[in-house]
Amino acid sequence: MLSRLLSLQQADTAFPSGSFAFSNGIEGLIASDPAFDTESLIRTLTALVRFRWAESDRVALILAHRAGPDPVPLGRIDAAVEAAALVEAMRTGSRRNGASLLTTHARLATPGAADLRAAIRSGLMLGHLATVQGALWRALDLSEPEAAAIAGYQLVSGLVSATVRLGQVGAIQGQQALQAVLPLVAEIAERPVSDDPEGAIVLTGFTPLIEVAAMRHARADLRLFAN
């Protein structure tokens, strides 16, 4: 029961994870498509979960969960995340979000959080969000599927929240979109992640429309979110 409650705490939008500052391309998509509606949001969430999160951030999170507190393998995972993120705004957003989450956990005295901050300051790690999530949630004794489920939920609920805050859909329409994509998140969160026998870290993701929107958003004069 405790692990379920901890999962709810970590996934709660009231938890200061820092994710409220990022739209991960949604704001750029909306700027280029004034007709962006609930169906558009469902398609966007589905694409992000299926074609980026499933084989990139989720895999990094699971590998970080297995690595535990050791900064050396965590640094290798961070490097792979950095290489897989083609858009600068998405790379820096991931690192900033990871730093925000880590700061909160350090203040909450989560085991290992202070050591992770020290590893980032020393240059052993970059501190990408997925890496930090995996290491921290293992320290809280959450399982791999639980950690993946929290991360997947935070991704889609955060993007729904961003869309509502931008005034593009209402709160009920946002929840309809969230409800529509949660079965996909649940299915992918339970997929096994195999360790490469040669220790290679392979992260793949391809969401070109969202990435182009994020690049355009980075040059916008007026914006609400960091990416």
Side-chain angles (χ1 to χ4, degrees), residues 1-26 41-42 44-50 52-66 68 81 90 93-113 116 127-165 169 171-191 193 225-227:
M1 178 59 78
L2 179 58
S3 67
R4 291 183 184 177
L5 293 174
L6 286 171
S7 295
L8 290 172
Q9 180 198 22
Q10 299 301 310
D12 193 337
T13 54
F15 189 89
S17 66
S19 60
F20 66 93
F22 306 95
S23 81
N24 290 304
I26 286 284
L41 179 58
I42 293 172
T44 302
L45 295 176
T46 300
L48 277 167
V49 169
R50 180 170 286 150
R52 192 172 75 195
W53 182 72
E55 301 301 327
S56 184
D57 290 343
R58 181 188 69 97
V59 173
L61 178 147
I62 295 297
L63 296 178
H65 188 282
R66 291 174 187 169
V81 175
M90 304 295 254
S94 174
R95 280 189 253 123
R96 287 177 57 190
N97 202 166
S100 297
L101 180 64
L102 194 49
T103 297
T104 296
H105 278 275
R107 291 178 177 172
L108 292 173
T110 298
L116 289 174
H128 278 288
L129 178 61
T131 312
V132 170
Q133 287 173 329
L136 287 174
W137 291 341
R138 170 173 166 155
L140 292 174
D141 289 330
L142 299 177
S143 67
E144 287 182 8
E146 286 171 332
I150 298 167
Y153 179 81
Q154 282 187 334
L155 171 66
V156 295
S157 67
L159 297 180
V160 166
S161 175
T163 309
V164 172
R165 289 167 63 193
V169 301
I172 297 300
Q173 289 74 29
Q175 291 305 309
Q176 288 173 335
L178 182 61
Q179 204 167 17
V181 79
L182 282 182
L184 177 63
V185 173
E187 183 264 313
I188 291 175
E190 293 186 347
R191 287 182 188 172
V193 173
F225 295 97
N227 67 12

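The two atoms that bring Val59 and Ala54 nearest to each other are CG2-O, 3.6 Å, heavy atoms only. Scanning both residues, Pro111 and Ala139, for their nearest heavy atoms gives O-CB, 3.2 Å. Listed here is the closest heavy atom pair of Ala64 and Ala130: CB-O, 4.3 Å. Across every non-hydrogen atom of Ala135 and Leu116, the tightest pair is CB-CD1, 3.9 Å. Considering every non-hydrogen atom in both Val81 and Ala60, the closest pair reads CG2-CB, 3.6 Å.
Remark: Leu140 CG to Leu6 CG distance equals 6.0 Å, nearest 0.5 Å. Rounded to the nearest 0.5 angstrom, Ser56 OG and Leu48 CG are separated by 11.5 Å. With rounding to the nearest 0.5 Å, the separation of CG in Asp57 from CG in Leu155 is 7.5 Å. Residue Asn97 holds its CG atom at 7.5 Å from CG of Asn24, rounded to the nearest 0.5 Å.
Qualifying side-chain hydrogen bond (donor to acceptor under 3.5 Å, both in side chains) partners for Ser17, counting only residues two or more places apart in sequence or in other chains: Ser19. For Ile172, the side chain to side chain contact (heavy atoms under 4.5 Å, CB included) partners at least two apart in sequence or on another chain are Gln176. Among residues two or more places apart in sequence or in another chain, the salt bridge (charged side-chain N to carboxylate O under 4.0 Å, His left out) test is passed with Glu190 by none. Qualifying side chain to side chain contact (heavy atoms under 4.5 Å, CB included) partners for Ala177, counting only residues two or more places apart in sequence or in other chains: Thr38, Leu41, Ile42, Leu45. Under the side chain to side chain contact (heavy atoms under 4.5 Å, CB included) criterion, Arg95 pairs with Glu82, Arg91, Thr92, Leu126, His128, not counting sequence neighbours. Residues satisfying the side chain to side chain contact (heavy atoms under 4.5 Å, CB included) test with Ala113, not counting sequence neighbours, are Leu102, His105, Ala106, Thr110, Leu136.
Within 6.0 Å of CD on Gln179 lie no more than 12 heavy atoms contributed by other residues, nucleotides or ligands.
Screening residues 148-162 for side chain to side chain donor-acceptor pair (under 3.5 Å) gives Gln133-Gln154 as the qualifying pairs, with residues at least two apart or on separate chains. The side chain to side chain donor-acceptor pair (under 3.5 Å) contacts involving residues 137-146 comprise Ser3-Glu146, Gln10-Trp137, Arg66-Glu144, Ser143-Glu146, where partners must be two or more places apart or lie in separate chains.
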Item to complete: Quick one: do Leu184 and Trp53 satisfy side-chain contact (heavy atoms from CB on, under 4.5 Å)? Show the steps, please.
Response: CA-CA 11 Å; Leu184 177 63; Trp53 182 72; over 6 Å; no
Practice prompt. Under the side-chain contact (heavy atoms from CB on, under 4.5 Å) rule, what do Leu61 and Thr131 come out as? Steps first, then yes or no, please.
Written response: CA-CA 5 Å; Leu61 178 147; Thr131 312; over 6 Å; no
Practice prompt. I would like to know whether Leu108 and Thr104 meet side-chain contact (heavy atoms from CB on, under 4.5 Å); could you show each step before the answer?
Written response: CA-CA 6 Å; Leu108 292 173; Thr104 296; 4.0 Å; yes
Practice prompt. Decide side-chain contact (heavy atoms from CB on, under 4.5 Å) for Arg50 and Glu187; before the verdict, give the C-alpha distance in whole Å, the side-chain angles of both, and the deciding distance to 0.1 Å.
Written response: CA-CA 10 Å; Arg50 180 170 286 150; Glu187 183 264 313; over 6 Å; no
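No side-chain heavy atom of Leu159 sits less than 4.5 Å from a side-chain heavy atom of Thr44. Counting heavy atoms from C-beta on, the side chains of Arg191 and Glu55 come closer than 4.5 Å.
Judged purely by atom type and a 3.5 angstrom limit, Ser94 uses its side chain to pair as donor or acceptor with the backbone of Leu129.
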